[in-house]
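Data block below; observations after.
Naming: A, B, ... by sequence-line order, numbering from 1 per chain.
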Amino acid sequence: MVTRMSQLFLRTLREDPADAEVPSHRLLLRAGYIRRTAPGIYTWLPLGKKILENVASIVREEMDRIGSQEVLFPALIPREIYEASGRWADYGDTLFRLHDRKDADYLLAPTHEELFTLLVKGEYSSYKDFPLSLYQIQTKYRDEARPRAGLLRCREFVMKDSYSFDLDDAGLQASYDAHRVAYQRIFERLGLDYRIAFAVSGAMGGSASEEFLAPAEQGEDTFVQCTSCDYTANTEAVEIAVPPKQDPSGHPEQRVLDTPDTPTIDSLVTKLNSMQELVDENGRPFVGADTLKNVVLKTRRPGSATWDLLVIGVPGDRDVDLKRLAGQLEPVGVAQADAADLAAEPRLVKGYIGPQLLAEIGVRYLVDPTVVPGSAWITGANETDKHAAFVTRGRDFEPAGEIGAVEIRDGDRCARCGSALEIARGIEIGHIFQLGRKFADTFDLDAQGPDGESIRITMGSYGVGVSRAVSAIAEQTLDSSGLCWPASVAPYDVHLVPVGKGDEQLNAAAALATELEAAGHRVLLDDRNATAGEKFADADLLGMPTIVVVGKALADGEVEVKDRRSGERRNVALDAVVGELAALPR
RNA sequence: CGGGAUGUAGCGCAGCUUGGUAGCGCACCUCGUUCGGGACGAGGGGGUCGUGGGUUCAAAUCCCGCCAUCCCGACCA
């Protein structure tokens, strides 16, 4: 059926809604695709629903293609299932919790690892049943502290989540690789510009993990990409090039310096450069990067009430990126040590902390990889108003390990090829990772092997933000006059706009609509009694890939075919339109 | 959770300083004129002014409390 706009449940807005800041959000509202129902909760109107279904269909086709099978779990699940995995407590306020009439606890599921694992455990028990991959496209609930940007960060959203079940690590790797390929196909078909970035696995545990990011100004994720090779990583997972190792014996003996009133790196560098003898010995003036800054943090194991001190050593011209650290330390919690924490360890002298002492007093010390073995530093002497020079790693101190801690800067060097890295923002549209045996261990998910022995199953977990992808596509494709959908997801292929005072153009357009539909196009016909300007503006706003204007040129037996994205228009004979449009991508 | 802002018709806003029967634009309905880039005229419908209390003869307006929403930050498979 040709959709007639006079009948379509649609109202476009001439003005921007006051509470929409992000372009995709603004236009999806203005063009009548979605309406807000509550913070982070949206209603899909007919045009929006079509887009959502189109995206879901593409996801479904590609999941089916790799042999994954679709199921559908309830969103409303009892507490016990989440209690078993510990997430009833771990998830905290993000979980929507509710009670039934008997006062039993329920939750609206934010994700479904537990249910998939339990389902497979209940059905399968032989090694012959594996490998297995299941998926669902379903509504998820997370009570986000701050929903924002329309569909980008919602409290209710549609997600495709899938899980692979394998007998061994090689099988998991194969399942992971299959998903990776499926995701590449999905995002290509969706018309998205995307990157695959190394990621840290986060609270879910597990090892290998990659994020699919759609570069966009409005994105919430920061990632790093190499300007030369294809290295791309989430800022939490990025590795940067480090200087070569040095020979610890190549440095002068460490010595204590009198550096009164130099609690900051800047004040210290100024003081050092006033000490001419030392500058001469160093061969050049000192800079912040010659100093070793030791930042006091504290860590806490999950479930533990007590914090342990942790000192991180970074070059003095760099700050510690707490978020990056937190990503790597998870599930261990990390925070800046406060005055009370420092007071509990008087041997740490604020502003003058050096690593020489830390091992001795039992404080864990980690350094950023840029503090390479054998490197020498100006650092605190653990005494007020004193620093130490030529303090050398591997000679004067030995850290317990390395951890990527420095805040990443534009222009840092790629660990793979040495070229400059650049920082960009993106929308996380997909995430794949090797979950391993975490949930299988929780629920004792085993298969019986050919020799009768139990085999612990290993899992992968994979997600695509379906509703989020809609806004990511909008964000990447919109222009100053409206939305601009790729043909693969557009609600209609052709938007027919009759313009003229009589019925002549409308009748011709209606006839053309029927023909186009018979030829397999999805057609939207603007049969409203509206002015030309209004119809044109709405056609641009709604963003169908092809706009066909039936107007003045009809007198010459022609219509105007406009490509929404390029803006290119050309006149085409009425009887040639169907043939012309047959060549367009769907 | 911290900071900032805002709540008046479906949407965008004015009115509040200085208390006195609720206003504009868009959208919507009727009639007429218009008809290739968000037309024009005339007439109309639609609002417990976020909420509870207080002051007052009288509160959208002044005072106190609460709630909600948006933005920034913290947080966030």
Side-chain angles (χ1 to χ4, degrees), chain A residues 10-22 25-26 29-30 32 35-41 85 87 90-95 109-114 140-150 152-155 157 159-163 199-206 209 211 220-221 234 236 322-323 326-327 330-331 333-336 428 430-433 435 438-439 460-465 468 481-482 497-506 526 528-541 547 549-555 559-560 562 567 569 571:
Chain A
L10 171 73
R11 189 109 301 152
T12 59
L13 306 176
R14 192 171 299 204
E15 284 165 304
D16 286 333
D19 53 6
E21 298 279 331
V22 173
H25 184 202
R26 223 170 49 221
L29 285 169
R30 270 193 60 202
R35 288 289 180 258
R36 197 193 77 113
T37 301
I41 302 179
S85 63
R87 294 208 289 188
D90 290 351
Y91 241 99
D93 290 339
T94 305
L95 206 56
T111 170
H112 278 79
E113 281 82 0
E114 287 85 351
K140 306 289 186 201
Y141 297 86
R142 290 182 198 174
D143 192 0
E144 295 285 350
R146 188 154 95 82
R148 62 173 291 271
L152 278 186
R153 179 158 223 84
C154 281
R155 296 198 294 167
F157 57 97
M159 180 164 113
K160 185 286 297 177
D161 54 329
S162 52
Y163 303 86
V200 292
S201 42
M204 305 298 304
S209 170
E211 283 177 5
E220 296 189 294
D221 286 20
N234 189 297
E236 289 168 23
L322 255 187
K323 199 171 174 181
E330 233 173 0
V334 62
Q336 197 103 40
E428 182 185 349
H431 195 163
I432 54 178
F433 64 96
L435 194 54
K438 174 174 171 170
F439 284 90
S461 167
Y462 319 89
V464 171
R468 184 183 275 179
S481 42
V497 181
V499 171
K501 34 184 156 183
D503 283 343
E504 197 186 339
Q505 283 85 358
L506 178 58
D526 191 350
R528 298 174 302 171
N529 181 23
T531 60
E534 197 174 346
K535 291 184 181 178
F536 290 144
D538 274 345
D540 287 343
L541 178 62
I547 298 167
V549 181
V550 182
K552 281 188 302 206
L554 186 64
V559 298
E560 181 182 293
K562 174 181 172 182
R569 316 175 198 189
N571 280 6

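Comparing the C1' positions of rG54(B) and rA58(B) gives a spacing of 15 Å, expressed to the nearest Å. Taking atom C1' in both rU6(B) and rC16(B), the straight-line distance is 15 Å, to the nearest Å. Between the P atoms of rU17(B) and rU61(B), the separation comes to 9 Å (whole Å). For the P atoms, the distance from rG25(B) to rG20(B) is 22 Å, rounded to whole Å. Straight-line distance between the C1' atoms of rA5(B) and rA22(B): roughly 25 Å, to the nearest whole Å. One C1' atom belongs to rA27(B), the other to rC70(B), and the distance between them is 23 Å to the nearest Å. Spacing between rU56(B) and rU51(B) at atom P, rounded to whole Å, works out to 23 Å. Comparing rU8(B) with rG52(B), their P atoms are spaced 15 Å from each other, to the whole Å.
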* Would Leu95(A) and Asp93(A) count as a side-chain contact (heavy atoms from CB on, under 4.5 Å) if you check the C-alpha gap in whole Å, the side-chain angles of each, and the deciding distance to 0.1 Å? -> CA-CA 5 Å; Leu95(A) 206 56; Asp93(A) 290 339; over 6 Å; no
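Note: CD (Glu144(A)) to P (rA74(B)) measures 15 Å, nearest angstrom. The separation between Asp143(A) atom CG and rC1(B) atom P is 11 Å, rounded to whole Å. Protein atom CD of Glu220(A) is 11 Å distant from nucleotide atom P of rA74(B), rounded to whole Å.
Base-pair partner of rU61(B): not found among the strands shown (Watson-Crick or G-U wobble, both distances under 3.5 Å). Under the Watson-Crick and G-U wobble criteria, each requiring two contacts below 3.5 Å, nucleotide rG10(B) is paired to rC26(B). Nucleotide rU48(B) forms no Watson-Crick or G-U wobble pair with any nucleotide shown, as no partner meets the under 3.5 Å limit on both distances. Of the nucleotides present, none pairs with rU18(B) by Watson-Crick or G-U wobble criteria with both distances under 3.5 Å. With a cut-off of 3.5 Å on both Watson-Crick or G-U wobble distances, the partner of rU33(B) is given as rA39(B). Using the Watson-Crick or G-U wobble rule with both distances under 3.5 Å, rG2(B) pairs with rC72(B).
For the salt bridge (Lys or Arg N to Asp or Glu O under 4.0 Å) test, residues two or more places apart in sequence or in another chain that qualify with Glu220(A) are Arg148(A), Arg153(A). The salt bridge (Lys or Arg N to Asp or Glu O under 4.0 Å) search around Asp221(A) returns none, not counting sequence neighbours. The salt bridge (Lys or Arg N to Asp or Glu O under 4.0 Å) test applied to Arg26(A) returns Asp16(A), not counting sequence neighbours. Taking Arg146(A) as the reference, nothing meets the salt bridge (Lys or Arg N to Asp or Glu O under 4.0 Å) condition, with sequence neighbours excluded.
Comment: Asp540(A) engages Lys562(A) in a salt bridge, judged by a side-chain N to carboxylate O separation of less than 4.0 angstrom. Under the 4.0 Å criterion applied to side-chain N and carboxylate O atoms, Glu144(A) and Arg155(A) are not assigned as salt-bridge partners.
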Between the protein and nucleotides 68-72 of chain B, list every N/O to N/O distance that falls short of 3.5 Å.
| from | atom 1 | to | atom 2 | distance (Å) |
| --- | --- | --- | --- | --- |
| rU69(B) | O3' | Arg36(A) | NH1 | 3.3 |
| rC72(B) | OP2 | Arg146(A) | NH1 | 3.1 |
| rC72(B) | OP2 | Arg146(A) | NH2 | 2.9 |

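A donor and an acceptor atom, one from each side chain of Glu211(A) and Ser209(A), are nowhere located under 3.5 Å apart. Side chains of Asp161(A) and Tyr163(A): a donor-acceptor N/O pair is present below 3.5 angstrom, by distance only.
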* Structure fact -> Quick tally for nucleotides 31-48 of chain B: nucleotides whose base has a protein heavy atom under 4.0 Å get B, sugar-phosphate-only ones S, the rest -, giving ----BBBBB---------
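Side-chain N or O atoms of Arg30(A) include none that pairs as donor or acceptor with a backbone N or O of Pro17(A) at under 3.5 Å.
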